[in-house]
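In the text below, chain A, chain B and the rest are named by the order of the sequence lines, each starting its count at 1. Keep in mind that what you see is a predicted model, and the values were worked out from it rather than measured.
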Amino acid sequence: MSDPFSFDDADQPAPRRPRDDEDLTYRPKEGGLASRAQAHITAARGVDYLGVLNPEQRAAVEAMDGPVLVLAGAGTGKTRVLTTRIAHTLATNRARAQEILAVTFTNTAAREMKERIAVLAGPAGEGMPWLGTFHSISTKILRRHAELVGLKSSFTILDTDDQIRLMKQVIKAEDIDEKRWPARALAQQIDSWKNRGLDPSRVPAGEAAAFANGKGAKLYKLYQDRLKTLNAADFGDLLLEAVRLFRENPDVLRQYQERFRYILVDEYQDTNTIQYLWLRLLAQPSGAKQQQNVCCVGDDDQSIYGWRGAEVDNILRFEKDFPGAVVVRLERNYRSTGHILAAAAHLIAHNEGRLGKTLFTDGVDGEKPTVTGVWDSEEEARIVGEEIEQLQRKGQSLDEVAILVRASFQMREFEERFITLGMPYRVIGGPRFYERAEIRDALAYLRCVTQPADDLAFERIANTPKRGLGDATLQQVQVYARTQNIPMIQAARMLCETDELKPKPRATLRDLTSAFARWSTLVENTPHHEVAQTILEESGYTDMWQKDRTAEAAGRLENLKELVRSMEEFPDMASFLEHVSLVMDADAKGGGERVSIMTLHAAKGLEFETVFLPGWEEGLFPHQRSLDESGRAGLEEERRLAYVGITRAKRRAKIIFATNRRIHGMWQTTIPSRFLDELPTAHVEVVEAPGGNYGGYQQSRFASMDTYESSYSTPGWQRAQQRRKEEPPRGGFQESAKQWGQGDWTRAGKGDTGRGPKLIEGELVAKSSAVSGYTKGARVFHLKFGNGTVVLVDGNKLTVEFDKAGRKMVLESFVQGI
DNA sequence: GATGGGCAAGTTTTT
DNA sequence: CTTGCCCATC
């Protein structure tokens with residue numbers, strides 16, 4: 001990342017650019033001769049960078065004028081298009097690096113783009129000061145115009161933790177029962193308002209009323225007021241305030257509209273409303289920019305962040321929003337083998353409301369994705385371990401193997417298994433470096449020194465390490481600070497001059513405030529990482545961990561060292577702090593080959609030779625809560641998640657479902673995910689769990705395998721196939737949803753509308769039209785639940801009212817007629 | 001002012 | 001079955 005404080009030349013009006021047909025005009029600016037020469041060299045190399053593209057990619061790169069939407073399926077060279085497009089813009093002298101706005105969602109994506117542009121465009125692409133995340137770019141803009149939105153340029157960025165602590169204070173101050181109305185819930189609500197671009201005055205009355213007996217909007221307002229007093233912004237504010245800045249200050253907006261001659265957006269399907277508004281404002285033509293030169297790249301089939309405000313609709317609506325848009329589809333896949341792609345494509349075809357793409361490859365068919373049924377999650381971990389060992393023997397690098405789970409609790413079983421096996425692994429997406437307590441404490445110290453108004457930081461470390469400043473004392477300081485309307489540190493200092501405090505806390509507090517005063521002067525004339533070191537030592541913070549005899553203490557000290565070390569890479573304390581709050585991530589790399597374990601969400605954008613996809617069971621995947629809360633839309637998002645999972649695999653995709661899984665400590669019988677039913681038989685192989693004898697489990701384990709095989713090859717299944725050909729499928733989604741509503745394992749959500757699940761030829765398991773060996777009213781016996789009466793038949797799934805166990809949905813093969 | 005027990009809740013997560 | 005948070009007690 002470039003120095004966030006380097007505003008490049010943005011303070012001056014953007015220089016008039018030559019028109020495109022005057023491209024060779026000499027521009028005495030930014031690197032002068034050198035960069036001009038470079039531009040020509042790059043242009044000369046143009047044959048290269050365009051030549052390596054396929055026709056669609058090339059079209060996406062060369063459509064330079066006006067809005068462009070690139071629908072880039074998984075593994076079709078999306079990043080290549082984006083980076084080449086930037087290189088092309090530079091090489092053809094359409095814009096200079098600082099006139100291109102390129103937005104990503106994650107810092108990782110931003111970093112990767114920078115690296116690749118550097119390779120493609122050389123020095124001409126250096127800097128790219130406006131390549132970054134929505135948040136980092138907004139921050140940069142806000143710092144320059146902070147006073148226009150009621151902040152100072154040095155404002156602090158609060159993370160979720162600070163946000164919730166502040167929210168708690170607000171809730172408490174309003175005398176609201178924290179139990180009934182948890183701060184976390186309010187924080188989430190406010191976040192979602194901010195995601196939708198709603199400031200306190202615009203919150204819909206109904207939603208505002210839903211929290212704390214109608215106090216929702218009021219609390220939001222109070223929270224925002226507190227943020228301003230603290231000279232702070234939370235993540236949501238960065239975007240919301242930027243949009244407000246643009247709306248209320250047309251002159252400022254114009255400045256940026258003119259500057260950003262070309263705009264690129266990555267992962268457009270993940271944009272939420274406020275990001276969309278932000279983008280719309282900046283993309284407006286203005287000054288020398290005649291049209292909306294905006295290029296959005298995304299894949300509606302990989303939209304998996306609806307639950308945090310992403311609006312798939314943004315991408316679906318693109319052509320309406322940006323009239324005259326050129327739409328380019330990238331469907332040629334360079335990642336996966338044929339069977340894998342076919343399976344993924346078939347699965348995702350069950351979604352409605354897609355823009356519609358079909359991935360294809362010129363490569364080999366390769367291995368078919370496999371589906372394996374196992375008895376329980378323990379066996380699941382065991383066979384995955386065994387298969388990885390086998391692959392390893394065949395020379396597969398562990399770095400090329402990943403386990404992608406739906407929910408993080410699934411990871412534990414794999415970790416435990418791998419520890420016993422001595423199989424090296426890494427968990428991706430665990431607690432981040434800067435979220436660790438010791439790092440946050442250390443940062444709080446630094447924030448107090450550089451930002452005297454940062455009360456949250458002060459409260460955090462006032463009594464860390466323990467120095468005898470308890471709630472009572474801090475309460476006093478806080479009250480004093482509020483009444484005087486001054487920061488707490490200052491209030492503390494002043495209180496020490498009075499005799500309102502008891503002698504002991506008074507002395508402690510005085511020591512602390514004078515220490516802070518001393519450290520503040522230190523910042524002026526000492527390298528910042530040395531200051532940090534000094535503060536951590538003098539405050540007794542390092543000591544605290546050294547005395548700590550718990551297992552983690554050593555690691556924490558190590559982290560603190562790493563923190564100080566990493567500071568050296570930054571020019572000053574302020575830029576360091578900014579990076580920590582916005583940019584810093586802690587991908588623990590290196591240390592030899594490892595299997596990666598992560599959630600499906602975390603896997604987006606990555607690829608592996610071999611991918612294991614465990615836990616494909618109803619309730620877990622698709623996740624029950626998604627179905628409950630978002631109905632059909634939720635189901636479709638889950639399906640996209642499945643699609644993302646399969647398309648991560650280059651050569652091997654191994655899907656697994658367990659018949660029993662422990663959820664909240666209780667063993668539950670599960671049934672295979674409906675997504676399994678939606679895989680195409682021609683491209684998927686159903687395999688038996690390897691490893692032979694599993695003792696007492698065997699019978700049941702085979703019961704589950706039987707089911708699987710039988711739904712595939714039994715007369716019943718074949719009849720169903722036949723019938724499907726003869727008559728159109730009956731029972732739309734609403735009907736099945738109604739039926740499901742009676743089962744205890746899934747309920748139809750409110751959002752259910754429209755047509756039914758598509759029935760597509762040649763799927764693994766027949767749907768509602770399948771013929772079951774049982775009919776309504778039949779008495780059956782189940783190994784686990786005992787006797788019961790069939791109340792509903794849906795293909796090979798039965799809903800049974802058990803005499804003892806109540807109503808359950810089970811697979812037909814699990815019961816016997818009695 | 002610390003420390004332990006009791007109780008509720010329990011997808012996905014970036015910035 | 002955990003984990004994390006809150007409260008009550010020493």
### Query
When the distance from CG of A/Asp234 to P of B/dT14 is rounded to whole Å, what number comes out?
17 Å

### Polar contact flag, side-chain donor to acceptor under 3.5 angstrom, A/Arg280-A/Tyr276
yes

### Query
Within the stacking criterion (centroid distance below 5.5 Å, interplanar angle below 30°), does A/Trp307 stack on B/dT12?
yes

### Message
It should be established whether A/Lys168 places a side-chain nitrogen or oxygen under 4.0 Å from OP1 or OP2 of nucleotide C/dC6.
### Response
yes

### Message
Mind checking if A/Gly236 touches a base, just sugar-phosphate, or nothing, with heavy atoms under 4.0 Å?
### Response
nothing

### Message
Determine whether A/Arg143 and A/Glu578 satisfy the following criterion, salt bridge (charged side-chain N to carboxylate O under 4.0 Å, His left out), listing intermediate values before the conclusion.
### Response
CA-CA 11 Å; A/Arg143 291 223 188 271; A/Glu578 174 129 331; 2.3 Å; yes

### Query
Within this structure, what is the CE-to-C1' distance between A/Met666 and C/dC1, rounded to whole angstrom?
11 Å

### Query
Mind checking the C1' distance from C/dT3 to B/dT14? Whole angstroms is fine.
24 Å

### Message
Both A/Glu637 and A/Asn463 contact DNA chain B. Taking the nearest nucleotide for each, which residue is further toward the 5' end?
### Response
A/Asn463

### Task
Would you mind classifying the nucleic acid contact of A/Thr160 as base, sugar-phosphate or nothing, using non-hydrogen atoms under 4.0 angstrom?
base

### Task
Return the nearest nucleotide to the side chain of A/Arg625; candidates are C/dT2, B/dT11, B/dT14.
B/dT11

### Query
Given atom CD of A/Glu636 and atom P of B/dT12, what is their separation to the nearest angstrom?
22 Å

### Task
Name the nucleic acid region contacted by A/Arg662, choosing base, sugar-phosphate or nothing; use a 4.0 angstrom heavy-atom cut-off, strictly under.
nothing

### Query
Does a side-chain N-to-carboxylate-O contact under 4.0 Å join A/Arg417 and A/Glu378?
no

### Task
Taking only the side-chain nitrogens and oxygens of A/Thr599, find out if one of them lies under 4.0 Å from OP1 or OP2 of B/dT13.
yes

### Protein-nucleotide distance (A/Glu617, atom CD; B/dT11, atom P), rounded to Å
15 Å

### Query
Picking from B/dT12, B/dG10, B/dT15, which would you name as closest to the side chain of A/His664?
B/dG10

## Note on the structure
With the side chain defined as heavy atoms from C-beta on, A/His601 is closest, among B/dT15, B/dG1, B/dT13, to B/dT13

#### Entry: Of the listed nucleotides B/dT11, B/dT15, B/dT12, the one nearest the side chain of A/Glu629
B/dT11

### Query
Can you tell which of B/dT12, B/dA2, B/dG1 lies closest to the side chain of A/Ala407?
B/dT12

### Proximity to the side chain of A/Tyr305 - top-ranked nucleotide from C/dT2, B/dT15, B/dT13
B/dT13

### Task
Let me know the distance between CD of A/Gln269 and P of B/dT14, rounded to the nearest Å.
16 Å

### Message
Go nucleotide by nucleotide along DNA chain B from the 5' end; which of A/Thr106 and A/Ile304 gets its closest nucleotide reached first?
### Response
A/Ile304

### Message
Ring centres under 6.0 Å, that's the criterion: do A/Phe134 and A/Phe105 meet it?
### Response
yes

### Message
Whether A/Asp162 and A/Arg440 form a salt bridge (side-chain N of Lys/Arg under 4.0 Å from carboxylate O of Asp/Glu) is what I want to check.
### Response
yes

### Query
Do the two ring centres, one from A/His350 and one from A/Phe675, sit under 6.0 Å apart?
no

### Rounded distance in Å - CG (A/Leu620) to P (B/dG10)
16 Å

### Query
Taking the side chain of A/Ser626 as heavy atoms from C-beta outward, which of B/dA2, B/dT13, B/dT11 is closest to it?
B/dT11

#### Entry: side-chain N/O A/Ser408 vs B/dT12 OP1/OP2, d < 4.0 Å
yes

### Message
Just the rounded figure in Å: distance from C1' of B/dG10 to CD of A/Gln624.
### Response
14 Å

## Note on the structure
Whole-Å distance, A/Ile274 CD1 to B/dT15 C1', equals 14 Å

### Task
State whether A/Asn107 places a side-chain N or O below 4.0 Å from either non-bridging phosphate oxygen (OP1 or OP2) of B/dT15.
yes

